[in-house]
Amino acid sequence: MVPLNPPNNPARFCHVPHLPTPKKMAYPWTFTFLCGLLAANLVGATLSPPVVLSLSAEVIKQMLTQQLKNRDVTNTLQQLPLLSAMEKESSGGISGNLVKSILKHILWLKVTSASIRQLQVQPLANGRQLMVKAPLDMVAGFNTPIFQTTVELHMEVEAQAIIHVETSEKDHAHLALSECSSTGGSLRISLLHKLSFLLNCLADTVISLLTPALPKLVKSELCPVLKAAFEDMRGELLNLTTVPMSLNSEHLKLDFISPVIDHSVVHLILGARLFNSEGKVTKLFSVAGDSLNLPTLNQTPFRLSVRKDVVTTIIAALLHSGKLTVLLDSVLPEVARQLRSSIKVIDETAAEQLGPTQIVKILSQATPVLILDQGNAKVAQLIVLEIFATDKDSRPLFTLGIEASSDVKFYTEDNLLVLSFNGIRADRIHLMNSDIGVFNPKLLNNITTEILTSILLPNENGKLRSGIPVSMVKDFGFKSVSLSLTKEALVVTPASS
């Protein structure tokens, strides 16, 4: 397998903040180093396309069936010009003239009822094409001035076509329908009811003329409708996959790249772009390479696979990081008391400086990193925490760099994919700068976790509540979807009934 070209270096998301020159600083290189380690988690996702919508042959069948109904295919069948087609078949020769004289005595001949019994979509042996079979079931009637009885014929014929991947002159691959025709082996025409000898003879003549004429009519009259319905279906798929998803002030747009037919599955390979509020592309997810690591359906009708770096970017866009500034005594007096007590252990003088207007500032320093395991997800964040003694101070007492992590829960709500952080942990704390001397930041582990839990966690979960629209998969007619996680992607499939 040829690996895809890797995306831009994920480490570029990490940037150490420009801080005032401190009196004392501990481990100035640590934050940059940790940022590179966390960003490295994204590299493992480069073998798969950013987004893949995988559809079973059953879903393709259902969509194509619906588009045929929308185009009123039964009306097309009922309007088949049977009589004129028979006249073409009877032209030429003595027998042709005889048949023409017989046909002149037919007052009318038309399809009175028609249906497609059950559309079939099946893979061909090469595994790169799908065969579409449309079995037609029709009843036609005709009458003559000599006999008042209507003669009814039962007609069965099958239209066939091939779905394949076609590359245009501009090198754009797309799904196409071709080779639409009717096979002679599927043709059956019979008299519904036995009548008098003369009528039976007339019916036999009509059947002999319809036998070569009907397949030609299917190709000339039905195949254009089948192709048009297929184009409608293809357009619908493109519309479903390219609707922009609003993510607070930004939006994510999926881009159709190419289709892949793999036996009974049609994969739609999608790229993605993130736009800011001004409409400028801020992040591009593309796919390149001669071979793709495509998912399997595992007997589900469809599967939407979203690569983890795309999910990470969605999370970051929903969070829309900014600096949180909180007057701790006013908002969380108990936390303010705990902070004062924790600092007192380190420096009593510094603790006494904390006034009623003490300020806590929290800045999410880098793009969160999504870490996936089979069935579990965790988000790692790099956070800067600044403590100011009063709202008049321009310099913090100290600044901490925090490696924080949260377990992530994904669930669906109506037409939204919603996620939330289940708690937040300060896994590692690093002293970035200090005006109260160098100290062991582990002494502040408990209060740091309390501050993040009380301030940052509710703020982030509030932003995540807006969710991600998943109407694309629900438009396939399933009432609900289920979510699962692999090491590389978030997977959306129909919920089991």
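These numbers come from a predicted model, not from an experiment. Count residues from 1 along the sequence.
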Would you mind reporting whether T449 and I424 have side-chain heavy atoms less than 4.5 Å apart? no

V132 vs F230, side-chain contact (heavy atoms from CB on, under 4.5 Å): CA-CA, chis, key distance, verdict: CA-CA 11 Å; V132 178; F230 179 82; over 6 Å; no

Closest heavy-atom contact between N293 and P49? O-CD, 3.9 Å

Given the options K69, R71, K227, D232 meets salt bridge (charged side-chain N to carboxylate O under 4.0 Å, His left out) only with R71

Starting at CD1 of I162, measure out to SG of C180 and round the result to the nearest 0.5 Å. 10.0 Å

Mind running side-chain contact (heavy atoms from CB on, under 4.5 Å) on L177 and L226 for me, showing each step along the way? CA-CA 9 Å; L177 188 78; L226 185 58; 4.0 Å; yes

Is any side-chain heavy atom of E58 less than 4.5 Å from a side-chain heavy atom of P301? no

For E231, what residues pass the side-chain hydrogen bond (donor to acceptor under 3.5 Å, both in side chains) criterion, not counting sequence neighbours? R234

List, one per line, each side-chain donor-acceptor pair under 3.5 Å for residues 454-464, sequence neighbours excluded.
unit_1 : atom_1 : unit_2 : atom_2 : d
S454   : OG     : E450   : O      : 2.8
S454   : OG     : E450   : OE2    : 3.2
E460   : OE1    : Q381   : NE2    : 3.1
N461   : OD1    : F421   : N      : 2.7
N461   : ND2    : F421   : O      : 3.1
K463   : NZ     : L319   : O      : 2.8
K463   : NZ     : H320   : O      : 3.3

Q118: partners by side-chain hydrogen bond (donor to acceptor under 3.5 Å, both in side chains), with sequence neighbours left out: none

Can you give me the closest heavy-atom contact between L119 and K61, atom names plus distance? O-CD, 2.8 Å

Step by step, would you call N376 with L372 a side-chain contact (heavy atoms from CB on, under 4.5 Å)? CA-CA 6 Å; N376 299 302; L372 295 179; over 6 Å; no

Out of curiosity, T325 OG1 to I362 CD1, how far, rounded to the nearest 0.5 Å? 9.0 Å

Give me the atom names and distance for the closest heavy-atom approach of V481 to F302. CG1-CZ, 4.3 Å

State the CE-CD distance between M245 and E250, to the nearest 0.5 angstrom. 12.5 Å

With the side chain counted from C-beta on, respond yes when L109 and M86 share a heavy-atom pair under 4.5 Å apart, and no when they do not. yes

Taking side-chain hydrogen bond (donor to acceptor under 3.5 Å, both in side chains) as the definition, give me every residue that meets it alongside N126, ordered by chain and number, with sequence neighbours left out. Q129

Result block: side-chain N/O donor-acceptor pairs under 3.5 angstrom for residues 210-223, not counting sequence neighbours:
unit_1 : atom_1 : unit_2 : atom_2 : d
T211   : OG1    : I207   : O      : 2.7
K216   : NZ     : E89    : OE2    : 2.9
S220   : OG     : K216   : O      : 3.1
S220   : OG     : L217   : O      : 3.3

Test Y411 against S420 for side-chain contact (heavy atoms from CB on, under 4.5 Å), laying out the working first. CA-CA 9 Å; Y411 58 97; S420 64; 4.2 Å; yes

Among residues at least two apart in sequence or on other chains, which ones pass side chain to side chain contact (heavy atoms under 4.5 Å, CB included) with E236? M63, Q67, L240

What pairs of donor and acceptor atoms, side-chain ones from residues 74-85 against any protein atom, are under 3.5 angstrom apart with sequence neighbours left out?
unit_1 : atom_1 : unit_2 : atom_2 : d
T74    : OG1    : D72    : OD1    : 3.2
S84    : OG     : P81    : O      : 3.1

Can you give me the closest heavy-atom contact between T300 and P494, atom names plus distance? CB-CD, 4.4 Å

Pairs satisfying salt bridge (Lys or Arg N to Asp or Glu O under 4.0 Å), at least one member in residues 363-384, at least two apart: none

Check against salt bridge (Lys or Arg N to Asp or Glu O under 4.0 Å), E403 and R428: CA-CA 5 Å; E403 292 178 70; R428 294 181 184 85; 3.4 Å; yes

Working to the nearest 0.5 Å, report the span between CG of L304 and CG of L53. 6.0 Å

Rounded to the nearest 0.5 Å, what separation is found between the CE atom of M155 and the CE atom of M138? 4.0 Å

Atom CD1 in I468, atom CG in L417: separation rounded to 0.5 Å? 4.5 Å

Identify, with sequence neighbours excluded, every residue that meets side chain to side chain contact (heavy atoms under 4.5 Å, CB included) alongside A316. T367, P368

Assess, by modelled atom type and distance only, whether the side chains of S405 and R425 contain a donor and an acceptor separated by less than 3.5 Å. yes

Answer yes or no: is there a side-chain heavy-atom contact under 4.5 Å between V418 and R465? yes

Can you list the residues that meet the side chain to side chain contact (heavy atoms under 4.5 Å, CB included) rule with E166, with sequence neighbours excluded? H164, H174, A176

For a quick check under 3.5 Å, do H251 and N276 share a side-chain donor-acceptor pair by atom type? no

Does a side-chain heavy-atom distance below 4.5 Å link V243 with L254? no

Minimal heavy-atom distance between S466 and L416, with the atoms involved, is O-CD1, 3.6 Å

Could you check whether any side-chain heavy atom of L400 comes within less than 4.5 Å of a side-chain heavy atom of L431, counting everything from C-beta outward? yes

With distance as the sole criterion, is a donor-acceptor pair present between the side chains of R307 and S305 under 3.5 Å? no

State which residues pass side chain to side chain contact (heavy atoms under 4.5 Å, CB included) with T242; sequence neighbours excluded, sorted by chain then number. K253

Heavy-atom closest contact (A272 atom, L252 atom, distance): CB-CD1, 4.2 Å

Cut-off 3.5 Å, no hydrogens considered: what does the side-chain donor-acceptor table look like for residues 255-269, sequence neighbours left out?
unit_1 : atom_1 : unit_2 : atom_2 : d
D255   : OD1    : R273   : NE     : 3.4
D255   : OD1    : R273   : NH2    : 2.8
D255   : OD2    : R273   : NE     : 2.8
D262   : OD1    : R128   : NH1    : 3.4
H267   : ND1    : S54    : OG     : 2.8

